[in-house]
Amino acid sequence: MTVTDYVLSTIVFWMAWIIIPLLMEIFPAIGNFFVLLVKRLRQKKEEPLEYLPEITLIIPVYNSAQTLKACISSVADSTYPSDLIHIMLVNNESKDDSFSVYNECQMLYPQLRMNWMNARQGKSKALNLALFSSYGKYIIHIDSDGILHPDALLSMVTMFEQEPDTHCVTGTIMTNPKMIDDTPNFFLRLFRKVEFFEYCQAFLAGRNFESEFNSIYTLSGAFSAFRKSSILKTQLYNTDTVCEDTHVTFQVREMLHQRVRICAKAIFYVDPIEGINQLYTQRQRWQRGEMEVAHMFLKKKLSAAKGFFSNFAIRLLMYDHTFAFPRMIWYFALIFLAFKNYPLRLVVMSLVVIYVLYVVSALLYYFNVLIFLTPRKEVKRYYVTKWYLAFLLPLFNFLVFWFRFAGIINSISRSQTWRTSNLTEERKTFEAIVAKDFLWLKRGLEKARKVVNNDEE
C-alpha cells in the first residue's frame, strides 16, 4: 500500500467512525449541556399561586385492575386540592375487575369526584369522549399503570398559570425506583436501572433542551396536559396512528402554532420494563408512530427535500431513519475491514474512542439532570448514586438502535396495528421463514442420504 492510499484510507476510516458521531451526537450533547445549564441558572423562583383553577384528570382504563388503585391513591395524596379535581376514568372494553377497583376507590376516597365512562371504539375515541365531557380550565391525562408525585399536578398547573403562552405541557416520566430496587434478579435489576437512567436523561436533558426551542416531537401519553381552550380547537386524538399523543402534539404546534413545553418538576412514575421483549415492542411502536405522524404532517416538505435546517422534525427523521441505514452498514462493515488492510489495532482503538465519547456525553447529561432534580430531593438522592450507569448507557442505546431499526422495517413491510410482535415471536417467525426457504435443501439432503444408504446396502 502506498503512502497516499494509506492516508486516504485512514481519513475515510476516521470520517466514518469518528467525525460522523462527533457531528451528529457528541458535539450536540456538549452544546445541549451548556444550553440547559444557562436555562437552570436563569430559571426564576416559582411563586405560589393565589388562585387554583378546576382541572379534569382523564385516566384511560384497559385491564387495569392490578394498577388502578395505586394510581387513584396517588391522586388522593396529591397536594392539589381534591375538591378542584374531576376524575374521568374511560374504560376501553376491559375484561378484568377494573370496575370493582373503581368502586373500592370510591369508598376509600370519598373526597375525590370520579366518573366511570365506557367506550367501545379504541383508546383514541375513548379519550375524545372524555374531552367533550371534561370540566375546568386544564385537562390532564395520566396512564392507569403509573403514580403521580404528590406535587406533580400543582407544579403543572402553576406552570400554565405563570406562562400564558404555554398551551401544551408534558410531564417528566420516570420508572419507579422502589420497584427497581425490589427486583430480585440482579441482571433484570441492572437493566431496569439503566432504563431509569435513560428516562431521566431523555426527559430532564433531552426534552428540556427541546422545550427551549419549541421542538418537542411528542408529548408523553403517560402524563400530559392541555389548556382546555386549546385542545378542543384541534382535531382531537387520531385513530389512524398508534401514537395518538405524537399526533396531538403536532396539531398544537403545527396547526394552532402554540408552544409545547415540559414541566420538569411534574414527575409521573411508571412501572419499569418487564424484560427485553417488552422493550422491543415498546420502541418499535414508538418508531412506527413517529413515522406515521411525520407522513401526515411533513409529507410535502419531505418529498420536496425542504426544511432540513429550518424544521427540527425533518432533521430528527433524517437522523433516525435516513442515517440509520449507513449506520447499520458500517456496523457490519467492521467484519470486512481486515480484508481492506485496516490494522486491527486501528479498528479497536476507534471503537474505544467512540465509546468513551458516548460515555462523556452521558456524563454531561448526568450533571444536567442533577441540576433539574434539585427541587425533588428524594429523587435526586436516588439518581446521584447511579453515575456508573453512564458507562452502560451506550450499550443500552446500541440495543435500542436495533430495536428502532426493526420498527422502521416493520412499519414499511406490515400494515398498521397496535399489537406488535415481541422479540421472541419475531425470532420464531424468522426461524419458520428460514426453514421454509431452505426446505428444498433439506429435502435434497434427505434424498442424498437415502441414496447413500441404499448403495451401502
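Only a predicted model underlies this, so the values are computations on that prediction, with no experimental measurement involved. Side-chain atoms are counted along with the backbone in the values below, which use heavy atoms only and exclude waters and symmetry mates.
- A donor-acceptor contact shorter than 3.5 Å is absent between the side chain of Tyr366 and the backbone of Val360.
- For the residue pair Tyr109 / Ser73, a side-chain donor-acceptor distance below 3.5 Å is found, with atom types taken as modelled.
- Seen from the ring of Phe203, Arg207 counts as a face-on cation partner, given the 6.0 Å and 45° thresholds.
- The structure places CD1 of Ile85 at 5.5 Å from CG of Leu153, a figure rounded to the nearest 0.5 Å.
- Distance alone, capped at 3.5 Å, is enough to place a donor-acceptor pair between the Arg192 side chain and the Ile273 backbone.
- A donor-acceptor pair shorter than 3.5 Å cannot be found between the side chains of Thr166 and Arg259.
- Counting only distance, with no hydrogens or angles, the side chain of Ser144 and the backbone of Leu68 share no donor-acceptor pair below 3.5 Å.
- In this structure, a donor-acceptor pair under 3.5 Å is absent between the side chains of Ser134 and Thr56.
- Between the CG atom in Asn176 and the CE atom in Met174 there is a gap of 11.5 Å [rounded to 0.5 Å].
- Using a distance-only test at 3.5 Å, with no hydrogens or angles considered, no donor-acceptor pair links the side chain of Arg113 to the main chain of His86.
- At least one donor-acceptor pair closer than 3.5 Å links the side chain of Ser98 to the backbone N or O of Ser64.
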Which atom pairs, donor and acceptor, lie under 3.5 Å between side-chain atoms of residues 380-387 and protein residues at least two apart or in another chain?
{"from": "Tyr382", "atom 1": "OH", "to": "Asp181", "atom 2": "OD1", "distance (Å)": "3.2"}
{"from": "Thr385", "atom 1": "OG1", "to": "Tyr382", "atom 2": "O", "distance (Å)": "2.9"}
{"from": "Lys386", "atom 1": "NZ", "to": "Tyr382", "atom 2": "O", "distance (Å)": "3.3"}

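- Once rounded to the nearest 0.5 Å, the distance linking NZ of Lys193 with CG of Leu393 reads 15.0 Å.
- For residues 63-85, there are no ring-ring contact (aromatic ring centres under 6.0 Å, His included) pairs, not counting sequence neighbours.
- With 3.5 Å as the limit, one finds no donor-acceptor pair spanning the side chains of Arg376 and Thr172.
- Atom CG of residue Leu131 and atom CD1 of residue Ile139 lie 5.0 Å apart, to the nearest 0.5 angstrom.
- Between Tyr102 and Phe99, a ring centre-to-centre spacing shorter than 6.0 Å is recorded.
- Judged purely by atom type and a 3.5 angstrom limit, Ser82 has no side-chain atom pairing as donor or acceptor with the backbone of Leu112.
- A salt bridge links Arg283 to Glu198: one of the charged nitrogens lies within less than 4.0 Å of a carboxylate oxygen.
- Taking OH from Tyr199 and CD1 from Ile173, the interatomic distance works out to 8.0 Å, rounded to the nearest 0.5 Å.
- Across Glu161 and Pro53, no two heavy atoms sit closer than the pair OE2-CG, 4.1 Å.
- Remark: Phe398 CZ to Phe401 CZ distance equals 7.5 Å, nearest 0.5 Å.
- Side chains of Val169 and Met159 form a contact here, defined as non-hydrogen atoms less than 4.5 Å apart.
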